[in-house]
Amino acid sequence: MKKVLVGCIIVFIMLATGTVYATADNSANALSAEGTTQSELTEMKDKATQELQDYTERYGSDTYGLAAYVLDKVRIYSIPFCFIGIAIGAIYQYVIGIRRMDIRDKGFNVLIAFVTILIICQVLPLIFAIVVKGWR
């Protein structure tokens, strides 16, 4: 399990890194690039703030709105994370596990764990919405 966790962390680090292109050191280009980056960051922050306010208005409370916002982000980001975990578990079970039964069992357990996490992360926001909207 430690190897799977380390592998997932390495994959996330590789996906989080961006490409940096070398350019001439023109201060006008550098200033426009900084302004573009700052405006993109400002737009992302404004979009996230607006989305959080929408959830707060929809659920009628700051606490419920924040919980719904977090559950939505967990729902979105759990899909690639769990698919990577399922792929690693399948490799352990069906490729490496052909020769060794203990590795095959490990792969099966990893598959079951990531499928369970995926189902929970996908169903929990629905249950939260039903409970908060339905019984409040």
Side-chain angles (χ1 to χ4, degrees):
M1 189 66 184
K2 291 179 185 177
K3 292 179 184 178
V4 172
L5 183 63
V6 169
C8 289
I9 290 172
I10 290 172
V11 168
F12 284 128
I13 289 172
M14 289 172 35
L15 292 175
T17 59
T19 306
V20 178
Y21 298 105
T23 60
D25 190 28
N26 297 336
S27 46
N29 289 339
L31 290 176
S32 66
E34 286 179 15
T36 304
T37 305
Q38 288 176 353
S39 65
E40 288 175 2
L41 289 175
T42 305
E43 289 173 10
M44 289 172 53
K45 179 184 172 195
D46 293 340
K47 182 180 175 186
T49 305
Q50 182 63 35
E51 190 175 351
L52 182 59
Q53 288 175 354
D54 291 343
Y55 277 112
T56 302
E57 290 173 8
R58 189 178 305 158
Y59 286 96
S61 170
D62 289 338
T63 307
Y64 289 145
L66 180 62
Y69 177 76
V70 169
L71 285 173
D72 185 53
K73 294 304 176 190
V74 167
R75 181 183 60 86
I76 292 170
Y77 291 117
S78 68
I79 295 170
F81 174 73
C82 289
F83 281 156
I84 291 170
I86 290 169
I88 291 171
I91 290 170
Y92 269 101
Q93 185 175 6
Y94 297 116
V95 176
I96 300 171
I98 291 174
R99 304 237 183 231
R100 295 180 54 194
M101 291 300 285
D102 61 331
I103 302 250
R104 184 175 181 188
D105 292 339
K106 180 180 178 182
F108 180 72
N109 292 337
V110 169
L111 271 172
I112 296 298
F114 276 105
V115 168
T116 304
I117 290 170
L118 180 66
I119 291 171
I120 289 171
C121 289
Q122 298 302 309
V123 173
L124 195 59
L126 176 66
I127 293 171
F128 176 79
I130 290 171
V131 169
V132 171
K133 287 287 204 175
W135 285 295
R136 201 169 77 129

Review point. Can L66 and T56 be said to form a side chain to side chain contact (heavy atoms under 4.5 Å, CB included), step by step?
Key: CA-CA 7 Å; L66 180 62; T56 302; over 6 Å; no

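The minimum heavy-atom distance linking Y55 with G65 is given by the pair CB-O, 3.5 Å. Of all heavy-atom pairs between C82 and F114, the closest is SG-O, 3.7 Å.
Summarising the geometry, atom CG belonging to D102 is positioned 12.0 Å from atom CZ belonging to R104; distances are rounded to the nearest 0.5 Å. If you take CD1 on I86 and CD1 on I112, they are separated by 9.5 Å, rounding to the nearest 0.5 Å. Within the model, atoms CD1 of I91 and CG of L111 stand 10.5 Å from one another, a figure rounded to the nearest 0.5 Å. One distance of note links NZ of K106 with CD1 of I88; it measures 10.5 Å at 0.5 Å rounding. Taken from CD in Q93 to CD1 in I98, the straight-line distance is 10.5 Å, to the nearest 0.5 Å. To the nearest 0.5 Å, the span separating CG on D62 from CD on E57 amounts to 10.5 Å.
Linking ILVMFWY residues whenever their side-chain heavy atoms come closer than 4.5 Å, directly or via other members, places I119 and I79 in the same cluster. Cluster membership check: I76 does not share its hydrophobic cluster with F81, using side-chain heavy-atom separations under 4.5 Å among Ile, Leu, Val, Met, Phe, Trp and Tyr. Both I96 and I84 are assigned to one and the same hydrophobic cluster, defined by single-linkage of ILVMFWY side chains at heavy-atom distances under 4.5 Å. In this structure, V115 is a member of the same hydrophobic cluster as F83, with clusters built from ILVMFWY side-chain heavy atoms closer than 4.5 Å. Taken together through direct or relayed side-chain contacts under 4.5 Å among Ile, Leu, Val, Met, Phe, Trp and Tyr, V132 and V70 form part of one hydrophobic cluster.
By the 4.5 Å heavy-atom criterion applied to side chains, L124 and R75 are not counted as neighbours. With contacts defined as side-chain heavy-atom distances shorter than 4.5 Å, the pair C121/V74 qualifies. Looking only at side-chain heavy atoms (C-beta outward), D72 and E51 come within less than 4.5 Å of each other.
Ring pair F128/Y64 is perpendicular by interplanar angle, where above 60° counts as perpendicular and below 30° as parallel.
A donor-acceptor contact closer than 3.5 angstrom is absent between the side chains of D46 and Q50.
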